[in-house]
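Below is one structure; the comments refer to it alone.
Counting starts at 1 for both ligands and their atoms, in listed order. Heavy-atom basis, side chains included; hydrogens, waters and symmetry copies ignored.
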Amino acid sequence: MSDAAAPPGRPMPGVRDGQVTERAACVLAPNPSPMTLDGTNTWLLAEPDATEAVVVDPGPEDEGHLRRVIDAAERTGRRVALVLLTHGHPDHAEGAARFAHLTGAPVRALDPRLRLGEEGLAEGDVVTTGGLELRVVPTPGHTADSLSFQLPADAAVLTGDTVLGRRTTVVAHPDGRLGDYLDSLRRLRSLAVDDGVSTVLPGHGPVLRDARGALEYYLVHRAKRLAQVETAVENGYRTPSEIVAHVYADVDPVVWPAAELSVRAQLDYLREHGLV
Ligand SMILES: [Zn+2]
């Protein structure tokens, strides 16, 4: 889910179904909204010659969508052998159990409540289904259970809701915490700076071909919002809703309830650091 900032530069078209990198194809779920942008990006990943595919985030429990994901795998002669979840929000994870039933594939996630099968996911895990290498990168902050998946062969990283293809994301207080989120953005930026990652495959919105630029924009945006919240408190704005109406005056009020979660996370952060 997204919150608020104006996009950098021109608006970009949304992701469309189809192959995005050599190993990653997108199947867009039919759940567009102010919070989900064009809808959830379900990712279908496979090595070029493999007969097994990995699906990241089956998306909402929408039978037509889930069957389109399976069809997309079968059209290329593959079966879905594994499902991974970036986090537990329903627009990413609600359809996982039904999808697992349809495909027979296990579901792996950080949160044990989301798993189906024996295996979870944790820091340092490397998934190698069908020869495809995915490195598990914990990126808490949007939620406590948020993961990213590095796809080194395509110089890409799947970020779920930690980085979106357009606008910025919500720090979903109280589960999501701003300090964690800033650490996660820095961790992703180091993948771009030191480990060759150039492409972001986000959970919503278009693919980003300048991963480093996107992460630097996110870090600058977060610092700017935090400074605005700090100033608002100093100027006597007290409640989260007062602060949202003041600081987020430039964005569509339809996303204010989400922005309020981010403001609560920012207030916690400022208090923990003795800044307000
Ligand atoms: Zn989410």
salt_bridge([X], [Y]) N-O dist < 4.0 Å:
X: D71; Y: R68; result: no
X: R108; Y: D125; result: yes
X: R67; Y: E63; result: yes

Is there an N/O/S atom in D91 at a distance below 2.8 Å from the Zn ion (ligand 1)?
no

Is the Zn ion (ligand 1) less than 2.8 Å from an N/O/S atom of H89, whether that atom is in the backbone or a side chain?
yes

In D161, the N/O/S atom nearest the Zn ion (ligand 1) carries the name OD2

Rounded to 10°, how many degrees is the angle NE2/H87-the Zn ion (ligand 1)-NE2/H142?
100°

Any idea how Y217 and H221 line up, ring-wise: parallel (<30°), tilted (30 to 60°), or perpendicular (>60°)?
parallel

